[in-house]
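Read the structure below first, then the notes.
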Amino acid sequence: MLTNTESARQTIGLDSGIPKWIFLQLLESCNLRCKMCFEWGDNGAYKEKPELKKLDLAVVKKIIEDCSPARPYYELYGGEPLIYPWIDEVLESIKYHKSRVHFPTNGTLLERHAEMLVEHAPERIWISLDGPEEINDAQRGEGVFQKAMKGIRKLYEVRESKGSMYPKIGISTAITPINHQHLERFYFESLDMSMIDCISVELQQYVTQERYEHYAAVLKEEFHVQSAPIARGFISSPEHFSSIDAGNLARQLKLIEKFCKDSGRYFNAYPKVISEENIRYYFNAKWEQVTNMKKRCVFPWISMEINARGGVTSCHNFYDLTLGNVNEQGLLDIWNGPKYKEYRDYLKKQLFSICPGCCLYYNEKPSQ
């Protein structure tokens, strides 16, 4: 009888054989309560959980081994990934199997883990920072900016002292009504850009109440899922974003993009095309007019997420619909199984009503 790995080797040439992009939510716990976070923020769904979970290390290692023939791209998430007790072993296993891995962090634990991170050398670490100190801390908590700055400097110094190329150090910024006026000052005055290799910016993700209710009804009627608490954490309204000056925001983002191009730094944006019109359409919930709006999302055919409870879905953000559980079944059996087929067949015909509210929807590939 073939093992999962042997079977995977035979199916690697098929699009559906092995996912090309795997998100691992290592744990649900986080040490911050960022206001806009759909997990732990003002509307966060995780505050309702009576018990917080994390993936078993043996399960994570089996996933990495079973998918190794395809050398998929990994992203690690939480909560806060650096709280995961075995983060070093996960990074070691991914590296051993010759896959690439990136992950975001709030930066508050970077200083403590700098030596380990340089030793295991993930390709890129994204530090989530949203503006100058007073703006960032208004969103993420008092003292967070300074802790992250100390962590970045420590990580940079350790990396340079060892003559290593990795991890590349990136800044990831979620654009919200609180910080949209301060991006230029943040990147060109508050940061020491000599330590920063890459920048990613994303418009805050949200769904309207109407679209959420439609999505919850579809899950119930089509997939027999009785509630959608994760998606509920994204609910907002265009009025919440009415203070955002789309023209000024586009101007700042273009300056940051040009700086990265001129200095040889990697720049990534969600949505991919930065323009005053796209920003206005996105925050006004006129998503059908955003550049790169399409009829089908590519994620169900190339990527999957395993959440901290073992639940498997193809969507990194809206994972109320699970298609199996890795604590009960092999990952590749789930990926190639009947529930995934039913899910893909549905999305061939129509999108979920909440899909356009995901800023990743307008980009088709992982950040490189």
Side-chain angles (χ1 to χ4, degrees), residues 25-54 75-85 87 102-114 117 125-156 167 169-187 189-192 195-196 199-206 229-230 232-236 240-241 243-244 249 252 270 308 316-317 359:
Q25 187 195 32
L26 298 176
L27 76 173
E28 295 175 332
S29 301
C30 188
N31 59 335
L32 297 186
R33 297 294 181 265
C34 305
K35 291 181 181 298
M36 68 294 183
C37 176
F38 72 93
E39 295 177 348
W40 288 107
D42 292 344
N43 297 321
Y46 284 20
K47 291 187 279 190
E48 301 173 11
K49 294 179 182 291
E51 182 183 5
L52 300 179
K53 299 287 189 178
K54 55 180 173 283
E75 293 202 36
L76 310 179
Y77 284 85
E80 167 52 50
L82 289 178
I83 295 177
Y84 188 67
I87 182 69
H102 297 183
F103 68 89
T105 171
N106 60 42
T108 59
L109 303 175
L110 270 180
E111 187 174 19
R112 182 189 310 174
H113 292 290
L117 291 170
I125 295 174
W126 291 104
I127 297 92
S128 299
L129 287 169
D130 295 333
E133 183 171 1
E134 76 280 7
I135 302 299
N136 181 81
D137 288 4
Q139 264 188 187
R140 296 186 176 270
E142 185 177 355
V144 170
F145 186 88
Q146 286 300 328
K147 287 180 181 177
M149 288 299 103
K150 289 180 181 178
I152 290 170
R153 181 163 296 281
K154 177 70 172 179
L155 182 61
Y156 176 81
I169 300 172
I171 300 295
S172 176
T173 299
I175 297 170
T176 73
I178 295 175
N179 71 349
H180 70 99
Q181 295 180 323
H182 306 279
L183 301 179
E184 187 176 0
R185 180 162 63 95
F186 170 51
Y187 278 101
E189 297 179 22
S190 301
L191 291 177
D192 181 351
M195 298 186 293
I196 306 303
I199 292 173
S200 180
V201 293
E202 65 178 61
L203 304 187
Q204 181 179 343
Q205 302 186 52
Y206 77 102
I230 303 299
R232 189 171 64 245
F234 286 92
I235 293 174
S236 191
H240 176 70
F241 303 99
S243 65
I244 292 179
L249 176 54
Q252 293 179 85
Y270 294 110
H316 171 49
N317 289 317
C359 63

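Since the model is a prediction, treat every value here as computed from it, not as a measurement.
Taking the six-membered ring where the residue is Trp, Phe241 and Tyr206 present tilted rings, their angle falling between 30° and 60°.
Atom NZ of Lys150 and atom OG1 of Thr108 lie 12.5 Å apart (nearest 0.5 Å). One finds the CZ atom of Arg153 at 11.5 Å from the CD atom of Glu111 (value rounded to the nearest 0.5 Å). The structure places CG of Leu155 at 12.0 Å from NE2 of His113, a figure rounded to the nearest 0.5 Å. Here the straight-line distance linking atom NZ of Lys53 with atom CD of Glu28 works out to 8.5 Å at 0.5 Å rounding. Rounded to the nearest 0.5 angstrom, Lys147 NZ and Asn106 CG are separated by 9.0 Å. Distance CG/Leu129 to CD1/Ile196: 8.5 Å, rounded to 0.5 Å.
A donor-acceptor pair is defined here as one N or O able to donate and one able to accept, closer than 3.5 Å; such a pair exists between the side chain of Gln25 and the backbone of Ala308. Under a 3.5 Å cut-off, the side chain of Asn179 and the backbone N or O of Thr176 do form a donor-acceptor pair. The backbone N or O of Glu133 sits nowhere less than 3.5 Å from a side-chain atom of Gln146 that would complete a donor-acceptor pair. With hydrogens and angles ignored, the 3.5 Å screen pairs no side-chain donor or acceptor of Gln204 with any backbone N or O of Ala174. Between the Gln205 side chain and the Phe234 main chain, no donor and acceptor come within less than 3.5 Å of each other. Here the side chain of Asn136 pairs a donor or acceptor atom with the backbone of Asp130 at under 3.5 angstrom.
Across every non-hydrogen atom of Thr173 and Tyr187, the tightest pair is OG1-OH, 2.7 Å. The heavy-atom pair separating Leu76 from Pro81 by the smallest distance is O-CG, 3.7 Å. Minimum heavy-atom separation, Gly107 to Ile127: CA-CG2, 4.1 Å. Considering all non-hydrogen atoms of both residues, His180 and Leu249 come closest at O-CD1, 4.0 Å. Closest of all the heavy-atom pairs between Pro177 and Ser243 is CB-OG, 3.8 Å. Residues Phe145 and Gly131 approach most closely at CE1-O, 3.4 Å, considering heavy atoms.
Under the 4.5 Å side-chain criterion, counting only non-hydrogen atoms from C-beta, Glu80 is in contact with Thr105. At least one side-chain heavy atom of Ile171 sits under 4.5 Å from a side-chain heavy atom of Phe186. Residues Gln181 and Ile135 fail the side-chain proximity criterion, which asks for heavy atoms closer than 4.5 Å. Leu52 has its side chain out of reach of Leu27: every pair of non-hydrogen atoms, C-beta onward, lies at least 4.5 Å apart. Counting only heavy atoms from C-beta outward, the side chains of His182 and Ser190 never approach each other to under 4.5 Å. With contacts defined as side-chain heavy-atom distances shorter than 4.5 Å, the pair Leu183/Val201 does not qualify.
Screening Leu117, Ile152, Leu82, Ile169 against Ile125 for a side chain to side chain contact (heavy atoms under 4.5 Å, CB included) leaves a single residue, Leu117.
Between Arg185 and Glu134 there is a salt bridge, since a side-chain N of the basic residue sits under 4.0 Å from a carboxylate O of the acidic one.
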